Structure formats: structure tokens, C-alpha cells
Amino acid sequence: VKYTPNITLVVTTAVAVNLRELSRRLDKGDCDGMFTAKLSTSGSLPATHFISSGHVPSAYLNAVTNNVRLYNIAKAAWEADGDVFPFTQTQVTNALSNCSLSDGTFNGEPEGPHQMIARLGLKLINEG
Amino acid sequence: MYTGLTNLGLNGRSSSFNPANLFVKNEQGAWYDPSDFSSMYQDSAGTTPVTAVEQPVGLLLDKRLGLVRGAELVVNGAAPVGTTGWSTGGSGVPTLTESGGVLTLTSTGVGSLVATNTGSLVAGTTYEITVNVTAKNAVMHVRTAGGGLDASPLTLNVGLNRFIATPSISGVLNVGNVGSVGAGSTISFNGVSAKALPGNHALQATAASRPVLSARYNLLTKSEQFDNAAWSVVLGAAVTPDTVLAPDGTLTADTITFASTDYRYQQINTGSPIVGKSYTYSVSVWSPTKAKICVRMVNSADGADEVKQQVNLSAGATRITLTRAFTGAGNSIDIGVDNRTAVGADAIAGAIYAWGADLRLTADTALNIPAYQRVNTATDYDTAGFPHYLKFDGVDDGMATGTVDFTATDKATAWAGVTKLSDAARAVVFRHEGGGGAQRISFEAPNSSLGNYEFVSGGTLNVSVASASVAPITSVLCGIGDIAGDVATLRVNGVQTATSAADQGTGSHANAALYVGKSPAATLPFNGRLYGLIVRGVTSNAAQIAQTETYVAQKTGVVL
């Protein structure tokens, strides 16, 4: 498996469940368990967004950076499991439109996950 | 009386100490060492070793028992002679043959096909497993009968497959496919091995949540290539690369020629600056002709927090150092050399030599590391002399072991080398606890009061002790806990900073997973660096405490 440099994905709560399942299906091991860290504008519950940040398989990043490619790859992953892909191209496109992706830079300057969270006007919810 | 230690030095400190000495009686615990590449894998299945910095760490082996492999469990697996030790099963009614030291499993019908070895694996024990596949024409796996290795059967590729895995259930070793594949599906293999690899190994299955191995301190890139696009010319200057011998004797110093006194030369490059924290910029400059230049650093977002220094140039290299706390939100740091008379340069157009730009946390200047780190790219930089660490992002990174049984003890000693990068939120360095959060052993950096370190020891009642420390800061932590004795003590950099005799209740520590970088609830992510972690489920004497602190300090760059 080849991994990408550090990337950060922030997704809205509305699509997080489906993107978690999609990530699990796309890569049976490495991408199961994504989008569990919670975000909101206040830093308190309820979560409005979820975040994953780190190195991901290159194939995963390739899939989630293009609407049509993601639809085709995801559909194939569902069908490889013997299941019917439950989403339309429009739904996949809408889901991706609810994602913010950073490759570690913003406006040509380095951007870590905490800076990206701040740029989006969000805060980590630190439960515990 | 513990007698396993030798080479006691002054005050009980020794440079030849090996933490494995703390576990010679098979004491329960863990020892994680990010400076040892042989103990780390990029994936949680242990198929891809960590070979360089800036790679993710999905499996971190516990070194406390020496990483000694157990006896071979597979019968007739390495270079098979006949099919002794193997049997077949599956609805595909497979056949198993041996030829030239290679076993070939072939299904005669549609369905599953399995070659089963008599070697049996035990759930919860970690094994190093190899299978050499010479050919196959369908998806094939290795697993324990009726279950997986780790969470699922491990997929075999053609070639030597190597895994470090912990069976979810006990059973004999299977090679094949327990699903449904076509008639004539086949796999040829040899080199099958399964050996126990004792230890409480920590793993992270989710790629994006893995910490990253790093030894990076200089936040800049292209630190010796001022002609690179990473550096920018604001008002014009010419750079001729690699023209002069640098202070390290290499021909890597560049000539920067200013045709006007208005010219500047800079790099806007920050890594991830921490608002309100101090940074130190240094660069070597010298000139055969010019008398003065200005070096400066400034918040590139709003021009605030500027610090500049007029440098009297000479024919020999002088390393100039600037330090400044940055207060603005979302700031990035602009560093460079500046030929404007308004900021202190002379009015003479001309050339200077420059080499070795370095921007780091001012807190890192207190570490026993070189003052300059060559950085080419984010993954290509000098590591000699720079302590390796696991970088936890404070967002979702963390690792966990299988269950670690501390129920035979009510005592614990823990050591960690850490850099706490932020005090913005409570964060767990490591935690081991029973149901409901009691029976805890843990370090937090910081705890809920922020701006501190915390150690917790507890039986039915947890007792925490904390001492102030403002991020960013690098420290060697030692926690000493005793439930029955009602002792909870925190030492920082070899000095006791907090202790409590409050009642810790009764009972022992727990039989539970040990979490590193996050809480058991996958919350409280640690934002910082972990240079090493040792947890020991017994009382440690003064010499052991001091020696281990010294060892961790050396791995961390802290001078005790």
C-alpha cells in the first residue's frame, strides 16, 4: 500500500455516516474508522462536522477527489461485496460537495489540520 | 531486591542502561521506542516496515521482552516434503500436492478451499506469520480456522507475505479462501511460518489516525537552496547556488547579489506555527564586500511581530539567531535577509553568502540537538543527532494494544519523553483503565486545567497529580503509583514535582487495552511528540527510576 502525504478531510454530519461506510468499502482495512473526531463551531456537542487527518492510501485519495471516479469505484466496491450500490451519481456528488479537503497547504502556504479547522470556523469537540 | 541492573553511574544514572532490564522477570508492561526502526510498521498488519522518517506508524512493537520470536508452530511449512502436517477442506473439494518443496492447493469445484496446518495459534497472542506464494489465480488468504488474523483474513499476494497479527480466535492455521471461488482456483506456496512475538504491541488500523515517525525540527524547506522556488525575491535579487564552501565544508553556500538597497530575499514557510508561541530563526551569513545586512522575521499575514537584526558582515560565516513570539491568529512566518537601509542594511549594493536557514520552536533550542537541521523536502532532511519521535496530530491520531493484564499488581511506574505542543485542550499521552474509568494509570499533557502535566494512579478511586508546564515544552515524565500505599507521584525531568497520598481505594489495576495518544473513548487526542514510552506494572526502585529517566532523556534530547 502506498500512502499519501498528510491530508485532512472535514465532512458535514449529514454525510459522515455514508462517507464512513464508503471509506470502509473502498479499503477494507486502512480506511475503516474514519471521520470519528467531532467538530462544531462552538467546540461543544452536537457535532456539525467530522474530521480525519493523516496519511491515507493513495488509491483512496484518488477516489475521493473526483465525483465520477468516486461513484464508479464505490459502485464497484459495493458490487464486489455482493451488494447493490445504494447511491446515485447525484448523491455521491452532493456528498463530496459536503467535504473539505486540504493537502497540507492553503493559498500556497503550509496548513496543518488545526489551521484548517480554524479556517473553516470550527473547533474540535474535546469530550472526556 | 532487584539485581538485574548493572553499570550504575553517578546518582544512579547510567548511559548504558537498557530498559529491557526492567522486564527480565517478565514484568507486565510495555516499552515503545520510536528510535528503533525494527519495531515499527506502516500498516497495522506488519507487512510494510517503517524505513524512513515521515512514514505513518500503524504497528508499534513492544520491546520489553526483546522481540524474541517463539518456536516454529507450523509443521512442514518452510520447504514442504510431502503434505505431512497439512489437510484440506472446503466445499470446493480441493486437492493438495507437493512438488519441489512447493505445496499446491487446487479446488475441484466451486466453493471454498483451505489447506490446514496442524500448527495452532492462540487468540490474543501476537504472531509473526510468513507465507511465500509462488503462484495463484484467485484471491487467497491466511487466517486461523473460523476467524481472522487481526480483524479479518489477511490477503496473500504472490511473493513473500509477512504479517504480524493477533488472531481474534484460537485455531489452526488456514491458507486458502473460505468464501466461494471458481473451480480450478489454485495457490502454490511454501515458506509458511508462524512464531509467537510476545509483547503488548500497539496498533492503529485506520490509516488516517496513525501517528507519523518524524525527526523534524527545522520548519523550513530547501534550507540550503536559496535559488529554489521555496524562497522568493520580493524586490529582486540574484542567487547563484553552491558557490562557496559552507561552514560544514560542503560547497553548498549560495551567493545572493543585491543590485539595489531595496532588495529583499525571503521564505514564507511555517510548518504549523502555534499562535502565541516563540520561534527561533537562524542563518549563516558572511560577505567579502558588504559591511551590513539585515536578517528579519515577521508575521507574513499582517506584518506584525517583526523582529530584525542588523548584522555586521565579515569574511567568515556568522550564524545569526533571532527569536520572537508570534501573537497573530493564523500567522505564518516570513524569514529572510533584507538589504533595505531602512531596516539596517548598509547602502551598498553587493553580494553576501548565505547558508543553512533554520526556523524552529524556541522551545526546541533547549534540546541537546544541533543548532541547524538541513531540510530539503518534508521527507528528506538530516536526522543524525535529532531524536526521533511519533508525531500525534491532536485531531484523531492514537494507537491501542490488546488487553494488558495488570490485575496482578496495584503498582505502576511509567516514563515518557514528550513534547507538548499545545495547551488548548486536555490530551492523553497514554491511558490504561478499567470499566468506568477507575483503576487508571495515565499521563495527560495537559489535563483539564490545561498548562500542565498529569499522572494518575488509581484502584477503585483515581488520584491525579499535576505540575505546571506551559506548551510548547519537551520533558521526561515519570509517574509512580501504588494503590495500597496511596502513592501518586509525578517527576518531570528527574525532579519530583507533585505527589499525593490521597486514598486510591482498593484493588488492582485493570485487564484492558493500553491506549497511546487518545483516550479509550477515542477522545482527548494528544497534540505533540512522543519520543518513548515505558510502562511497568511493579514498583521501581530509585536507581531504576533514575536510570530510566536518563535513558528517556537521551532519546528525547532533554538534558537532565
Side-chain angles (χ1 to χ4, degrees), chain A residues 1-10 20 23-24 26-39 43 45 50-61 64 80-82 102-119 122-128, chain B residues 42-45 47-48 54-58 150-152 154-155 179-180 204-212 219 221 268-275 300-301 329-332 378-379 391 393-397 421-422 424-428 437 444 448 518-525 527:
Chain A
V1 177
K2 289 187 176 180
Y3 296 101
T4 65
N6 198 80
I7 67 160
T8 302
L9 277 159
V10 174
R20 271 184 217 122
S23 300
R24 186 185 72 81
L26 287 184
D27 191 306
K28 287 295 187 294
D30 277 345
C31 294
D32 193 5
M34 293 180 70
F35 309 119
T36 57
K38 299 169 184 173
L39 305 169
L45 291 169
F50 289 83
I51 184 170
S52 269
S53 182
H55 297 236
V56 297
S58 299
Y60 177 82
L61 181 60
V64 299
D81 289 340
S102 170
D103 65 355
T105 62
F106 182 70
N107 285 342
E109 294 190 20
E111 181 186 60
H114 295 277
Q115 293 164 307
M116 181 186 182
I117 292 168
R119 173 168 60 81
L122 298 169
K123 295 178 181 175
L124 272 169
I125 299 173
N126 213 30
E127 298 173 277
Chain B
Q42 295 186 57
D43 58 329
S44 59
T47 61
T48 308
E54 303 305 327
Q55 292 176 348
V57 178
D150 290 332
S152 58
L154 299 169
T155 301
S180 182
Q204 173 54 262
T206 305
S209 297
R210 293 172 187 154
V212 174
L219 301 172
T221 58
I268 298 173
N269 188 330
T270 62
S272 296
I274 306 169
V275 174
S300 60
N331 55 358
S332 52
T379 56
K391 181 169 55 182
D393 66 5
V395 174
D396 59 355
D397 289 352
L421 289 174
S422 173
R426 182 184 178 191
V428 168
E444 295 191 8
S448 56
K518 277 197 294 195
S519 76
T523 59
L524 311 180
N527 184 0

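Throughout, protein chains are lettered first and strands after them, A, B, ... in sequence-line order, and every chain is numbered starting at 1. Since this is a predicted model, take the numbers as computed values, not measurements.
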Between [X] and chain A, with a heavy-atom cut-off of 4.5 Å, which part of the residue counts as in contact: side chain, backbone, both or neither?
| X | answer |
| --- | --- |
| Val212(B) | side chain |
| Arg426(B) | both |
| Pro525(B) | both |
| Ala522(B) | neither |
| Glu54(B) | backbone |

Toward chain B, the part of Ile51(A) with a non-hydrogen atom under 4.5 Å: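 Both backbone and side chain of Ile51(A) come within 4.5 Å of chain B.
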
Notebook entry, point to check: Under a 4.5 Å heavy-atom cut-off, does chain B meet the side chain of Ser53(A), its backbone, both or neither?
Noted result: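 For Ser53(A), backbone and side chain are both near chain B.
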
Donor-acceptor pair, distance only, cut-off 3.5 Å: does the side chain of [X] make one with the backbone of [Y]?
| X | Y | result |
| --- | --- | --- |
| Arg210(B) | His55(A) | no |
| His114(A) | Asp393(B) | yes |
| Ser58(A) | Lys2(A) | yes |
| Thr206(B) | Met34(A) | no |
| Ser52(A) | Leu9(A) | no |

Thr8(A) versus Gln115(A): any side-chain heavy-atom pair under 4.5 Å?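 Contact flag for Thr8(A)/Gln115(A) side chains = no.
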
Comparing Ala118(A), Gly33(A), Ala37(A) against chain B, the one with the most heavy-atom pairs below 4.5 Å turns out to be Gly33(A)

